[in-house]
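To start, the structure itself, in structure tokens.
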Amino acid sequence: MISLRRFLVLFAVSVLLGLPMSSAMPAPQTGSAQEYQVKAVFLYNFTQFVGWPPATPAEAQTPIVIGILGDDPFGSYLDDTVRGEKVGDRPLIVRRYRHLDDVDDCQILFISRSEAVHFDQIAARLKDRSILTVSDADQSGKRGGIVRFVTENDRVKLHISVSSAKDAGLTISSKLLRVAEIDDGAGR
Amino acid sequence: MTFKDVPIRRKLIASMLLTCMVVVALMQGAFFVYNLFVLQKTTAQQLSTLGEITAANSTAALAFENQRDAQEILDGLKAERHIVAAAIYDGDGLVFVRYPQTLVPNEFPPVPDTSGYHFDKSYLEGFEPIAEHDRRLGTLYLKFDIGIVEREWLSGSLGISLAVVALVLLVAYLLSRMLQRQISQPLLALAGTVKDISEHQDFSIRAEKHGKDEIGQLTDGFNVMLAGIQEREDALRNANEALRAENEERNRAQNQLARAQKMEAVGQLTGGLAHDFNNILGVIVGNLDMAVEQLPPDAAARGPCNEALDAALSAAELVKRLLAFSRRQPLRPKPTSLAEIIANVQPLLARTLGEQIKITATSSGTPWLAMADPGQIESAILNLAINARDAMPTGGDLRIEQRNITIDDAYALAVDDIKVGDYVVLTVTDTGAGMPPDVVARAFDPFFTTKAPGAGSGLGLSMVFGTMRQLGGTARIYSEVGGGTTVMLYLPRARGEEPEVADTVASAPIPGGSECVLMVEDNAQIRAIGVGILRSLGYQVVIAESGDDAMRQVEDGQQFDALFSDIVMAGRLNGIALARELRKRKPGLPILLTSGFTSPATAHSDLTDLGADLITKPYRKAELAERLRAVLDAQSNTSTGT
């Protein structure tokens, strides 16, 4: 219920702010290649600080998937980062989704700026699934996204919505929260 | 002073204290090392824990490159003030954040291949991996100043340690003071005993034994040694004593010998001189006698002649004394009762000494008879009494005692040169001035006198000594200045003979006779006098000029009734030998011998054997007449008896 109400709020906000966001859309990908290199590492690092609901025995051997929805801004960085890495016994793989419908079993989903206009829809579709949604689109956290990358002074900072994470059934390590900005204050 | 010279008590205490100190120091040292080890280990563990916590906390900051957060975490290390430096390195080994921020990144060491902690000088530093779920994110570096911690801990424990050491030493000192006595007491006692012994040279002291330990054994051994030393010391002392006594005796014997030799030499001289004088005096006296006889009773020449005769007789007396000293006076020893002599001489002494001197005569026990010449003994007593009187000008006591003594070997040595046997000792003691030792030593020397010149001849005591020696005894003198003088005369005991009843010389007319007398005399002048006297007395005289001459005449058949012969004569036979020879041929021959002196060879025993009488030169007519008559009568009595 709360999530629904927040969803609506987020939706409204995103509608209100839709213009400037969309106006940025056609613009080429901002941020340097280095910035996405960092973000790729961060994505990988989330596997260390985020707890997913216990995997079923069937899922135990399946890889952990980091998905990219929309345009891929990472190039080969993300692939390079996760190559050969494992979380426990589970290997890491990267999957790229063109459409929301394509999103299957993934643990982390990076929502590219190309999909920012559909953010509310995406958030609504994924809110019951234990997927850590990450985006570097502005205000993404306020529309139901869990983690938002904010670049300030050439540094990538984290903004986390604890309530969204909770709704998704994810546990965020307090260590991670410690280094992040908590976004919930505005949503409530 | 080295440790060897320190008294044993202090040595013991010092040893115990040193032992305690070393033991406590070692224990404290071990304690310190162990605690330091524990401290380091604990500190390292704590640091490791802190590192682990910090590393765990900083994983997210590192993973998501949150420098501010990482810095906050590192700044949190301020709580541990001994951490002097810390840093978080990222996955590439670059310093991500540092603490304190005053340090520059290149002051931090590079990340090593292996993590862990190690000691670098007084620092403990190490690297802690920062990892999340096995994923290595970076490295934490910590530098901890363990030196300060150790110093703080040391300064804290050192005080306690010192207090403990001091307490232990104090207790050890008090204990050792008490306990060392167990060892030192017996040793000190032993040392004290040794000191006593060496100070007093008393080897009869024995050390007291305190127990059966080694010191006890030492004490036993020491006591055994002491006993040995004491024994040897006693033996040595005895030997020394004996040696000293022997030396003393030897010295005395030597002195005795020297004195005897001196006396002998002086005696030879005076004896020879006296002999010649006697012959001369004999001629003078004889001629004067005859001259006086032939003078009319009222002749004026009688006076001077008698004067000359007296002087000659005085000279003869002097010569007699010299002879007495040189032991060459003719003696007629016979068994004599000294008590009788003393009794005889006492009235004369009383007159001579005067009323101021009290005379006491005593005898102890039953006195033996002495072999002595009564006249000489009287003269000796008189001589001693006069000396005593001169020593007691203001009066005093004169004691004359006699007693019997038997001289054995030891006593014979103590009393100079005297034969073993029985003696009668006559002691004359005065209470006079006494004499110093040097005077005593020379008292018997001839011509030694302490009297004024002319007051004494210095021959009195030497005459007494000579007489005693000649009689086979001796004289000794004891005197102390202020303690009076004692002279002891030792006379040999007479054996088995009764004293002759002294016949009182009747002042009868000079006895003569008609018998034929063989007169032997080698001195022509004396021979002439002798022949004159004998013929004037009515005797027939056969003259021989020597013993050999007499013997020749006898062998030629010369008849005679009696022999009157000089003893000392040149030729093969002297008087004694002649008398013997004739006695053999003519037993019962009356014999009268004469001599100016008797040589030591002429013992009175010879006279006794021969039954001969002796008349001393120079003899006078009355004397010769009496003595000759006596031997003739004695012989005729004996022959009548048989």
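The sequence lines fix the lettering, A, B, ..., with proteins before strands; numbering per chain opens at 1. None of the values given here were measured: they were computed from a predicted structure.
Residues that satisfy the ring-ring contact (aromatic ring centres under 6.0 Å, His included) test with Tyr173(B), not counting sequence neighbours, are absent from this structure.
Enclosure of atom CG in Asp104(A) by more than 12 non-hydrogen atoms of other residues, nucleotides or ligands within 6.0 angstrom is indicated. Within a 6.0 Å radius of CG in Asp101(A), more than 12 heavy atoms belonging to other residues, nucleotides or ligands are found. Counting non-hydrogen atoms of other residues, nucleotides and ligands closer than 6.0 Å to NZ of Lys166(A) gives a total of 12 or fewer. Atom CZ of Arg129(A) is surrounded by more than 12 heavy atoms from other residues, nucleotides or ligands within 6.0 Å.
Taking all atoms of both residues into account, the shortest heavy-atom contact from Leu176(A) to Ala60(B) is N-CB, 3.8 Å.
Neither the backbone nor the side chain of Val87(A) comes within contact range of chain B, judged by heavy atoms closer than 4.5 Å. With a threshold of 4.5 angstrom between heavy atoms, Tyr44(A) approaches chain B through side-chain atoms but not through N, CA, C or O.
For a heavy-atom cut-off of 4.5 Å, chain A lies close to Ala63(B), Phe64(B), Glu65(B), Asn66(B), Gln67(B), Arg68(B), Asp69(B), Glu72(B), Ile73(B) in residues 62-84 of chain B. For residues 105-142 of chain B, the interface with chain A (any heavy-atom pair closer than 4.5 Å) comprises Glu132(B), His133(B), Arg135(B), Leu137(B), sorted by residue number. At a heavy-atom cut-off of under 4.5 Å, chain A is reached by no residue from residues 158-168 of chain B.
In this structure a side-chain-to-backbone donor-acceptor pair under 3.5 Å is missing from Lys175(A) to Ser58(B).
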